[in-house]
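Please read the structure below before turning to the comments.
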2 protein chains.
Amino acid sequence: MPASGATTRSSAKRDALLDTAEGLFARHGYRAVGIDTVLAEAGVAKMTLYKHFRSKEELIAAVLERRSNAIAAGLAKRIAAAPEDPGTRLLAVFDWLEQAVRSPQFHGCLFIKAASEYPAAEDLPRQAAEAFKGGCRDLLEGLCRDLAVADPEGLARQLQLLFEGALVVAFLQRTPLAGADARRAAEALLAWAPRAGEATGEPR
Amino acid sequence: MPASGATTRSSAKRDALLDTAEGLFARHGYRAVGIDTVLAEAGVAKMTLYKHFRSKEELIAAVLERRSNAIAAGLAKRIAAAPEDPGTRLLAVFDWLEQAVRSPQFHGCLFIKAASEYPAAEDLPRQAAEAFKGGCRDLLEGLCRDLAVADPEGLARQLQLLFEGALVVAFLQRTPLAGADARRAAEALLAWAPRAGEATGEPR
DNA sequence: TAGTGAGTAGACAGAACGGTCTGCTACCTT
DNA sequence: AAGGTAGCAGACCGTTCTGTCTACTCACTA
């Protein structure tokens with residue numbers, strides 16, 4: 001065995017499993033895809049799967065965990081590449097969104113679907129989804145705080161509605177238009193949002 | 001047999017099946033609930049189910065169809081009860097939304113979940129979901145057209161993002177806050193939207 | 001009163017499910 | 001050369017799934 005000692009992390013087979021599972025789950029759903037299908041497409045033996053994951057639910061959770069990290073990295077990169085202006089940085093999130101829903105690999109949000117299929121509070125996929133979406137809200141909240149608006153938390157929650165809505169509409173209507181629509185709406189909300197210190201209520 | 005001659009429409013057992021199925025599907029998901037579970041809770045024999053519906057997928061489609069009609073009726077009633085003012089009538093949709101996600105019976109949007117679990121274009125549940133969400137967009141579009149804005153279709157699409165986003169966030173975050181947030185954001189988009197005849201771009 | 005249609009219970013088929021187990025190979029390190 | 005480890009194939013278990021079938025019971029009505 002090379003370098004690493006942990007038995008569970010970073011194996012070629014494990015990665016193949018995660019890759020294949022992610023693709024199949026994204027296209028067909030979680031419960032619709034059996035373990036045997038994943039194994040056949042990944043070219044991996046059943047015992048190998050159960051050496052790396054205790055159950056199908058744990059495999060799903062691992063897929064979501066990995067995807068969550070990848071998305072966080074992609075978003076962070078895009079934000080870092082944006083100019084200093086806080087408004088532009090915030091809109092970079094929606095640029096990322098637009099590109100994400102336009103990709104041919106996009107088949108709806110893995111996390112929303114996971115929570116739909118495993119809705120109980122004790123289900124691992126639901127917990128992963130909740131954590132991820134909570135992280136998205138926190139990210140938006142942080143960006144909004146740099147924005148000198150009166151109610152950054154409220155604005156962040158509104159922006160998240162656009163974000164999630166675009167994911168759903170792009171999936172359901174099969175139109176990538178939703179990405180651009182969300183961006184424009186986000187600009188509008190930003191423009192309309194009361195600045196800090198201003199009186200609440202209709203700003204001009 | 002009383003009055004009606006059709007064998008498929010309006011039977012007490014059929015309604016019991018739809019009621020039970022809707023509740024179970026909403027709480028646990030479609031594939032997670034077997035027909036035997038539905039039958040047991042509804043107190044109906046298996047053959048009766050298959051006399052009314054050709055398959056489980058058709059049962060799901062019938063549930064969605066009925067729910068779609070109920071929602072359309074609820075929305076129409078709320079809009080009809082609103083004052084003449086087009087803006088207020090449009091916001092009535094978000095009033096309905098707020099009340100819907102606050103209800104204890106709310107467990108996420110049945111249609112989004114259906115499309116998640118049966119994502120293929122030929123699947124009946126997905127078709128029902130697409131039709132329903134298309135109808136929602138058309139409804140919003142009609143209301144936006146009464147509004148004398150420059151781009152009613154675009155505004156309607158933006159509002160739908162808020163609508164779907166609120167459904168998702170309310171489900172995932174288990175917070176009814178999303179309803180009120182969506183309504184406030186909708187007001188903002190309305191206020192910000194360029195009026196017909198005005199030059200496009202930043203108003204004022 | 002005879003017949004018809006809706007509904008029932010429950011057995012059944014056939015497949016797919018998640019998960020376990022045994023034994024085997026191949027490789028790498030000591 | 002020995003031993004440990006990762007992975008393999010594939011049989012296997014019990015359960016659950018959708019959907020079919022038979023044989024029976026009501027209630028109503030012509």
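The structure presented is a predicted model; accordingly, all values stated were derived computationally and were not measured. Letters A, B, ... are given to chains in the order of the sequence lines, protein chains preceding strands, and every chain is numbered from 1.
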If you check the B:K56 side chain, which of D:dT18, C:dG10, C:dG19 turns out closest?
-> D:dT18
Should the pair A:R126-A:E130 be classified as a salt bridge under the 4.0 Å nitrogen-to-oxygen rule?
-> yes
Taking only Lys NZ, Arg NE, NH1 and NH2, and the carboxylate oxygens of Asp or Glu, determine whether A:R67 and A:E22 approach each other closer than 4.0 Å.
-> yes
Using atom CG of B:L49 as one end and atom C1' of C:dG10 as the other, report the distance to the nearest whole Å.
-> 16 Å
Check if the side chain of B:K46 and the base of D:dG19 share a donor-acceptor pair of N or O atoms closer than 3.5 Å.
-> yes
Could you tell me whether B:R31 sits above the aromatic face of B:Y118, with NZ or CZ closer than 6.0 angstrom to the six-membered ring centre and within 45 degrees of the axis?
-> yes
Closest listed nucleotide, where the reference is the side chain of A:S55 and the choices are C:dT22, C:dG19, C:dT8 | C:dG19
When rounded to whole Å, the CD1 to C1' distance for the pair B:I35 and C:dC12 reads 14 Å
Is the shortest side-chain N to carboxylate O distance from A:E84 to A:R89 below 4.0 Å?
-> no
Look at the side chain of A:M47 and decide which nucleotide, out of D:dG7, C:dT22, C:dT8, has an atom nearest to it.
-> C:dT22
Rounded to whole angstroms, how far apart are NZ on A:K51 and P on C:dC21?
-> 12 Å
For D:dA6, take OP1 and OP2 only and decide whether either is under 4.0 Å from a side-chain N or O of A:T48.
-> no
What is the distance from OH of B:Y50 to P of C:dA13, rounded to the nearest Å?
-> 18 Å
Whole-Å distance between D:dC17 P and B:L24 CG?
-> 12 Å
Quick one: B:I60 CD1 to D:dT18 P, roughly how many Å, whole number?
-> 9 Å
Round to the nearest Å and state the distance from B:E58 atom CD to D:dT18 atom C1'.
-> 14 Å
Can a salt bridge be assigned to the pair A:R183 and A:D95 using a cut-off of 4.0 Å between side-chain N and carboxylate O?
-> yes
May I ask you to evaluate whether B:H52 reaches the phosphate of C:dG7, defined as a side-chain N or O under 4.0 Å from OP1 or OP2?
-> yes
Does a nitrogen or oxygen in the side chain of B:T37 sit under 4.0 Å from OP1 or OP2 of D:dT16?
-> no
Tell me: CZ of A:R31 to P of D:dT18, nearest whole Å?
-> 12 Å
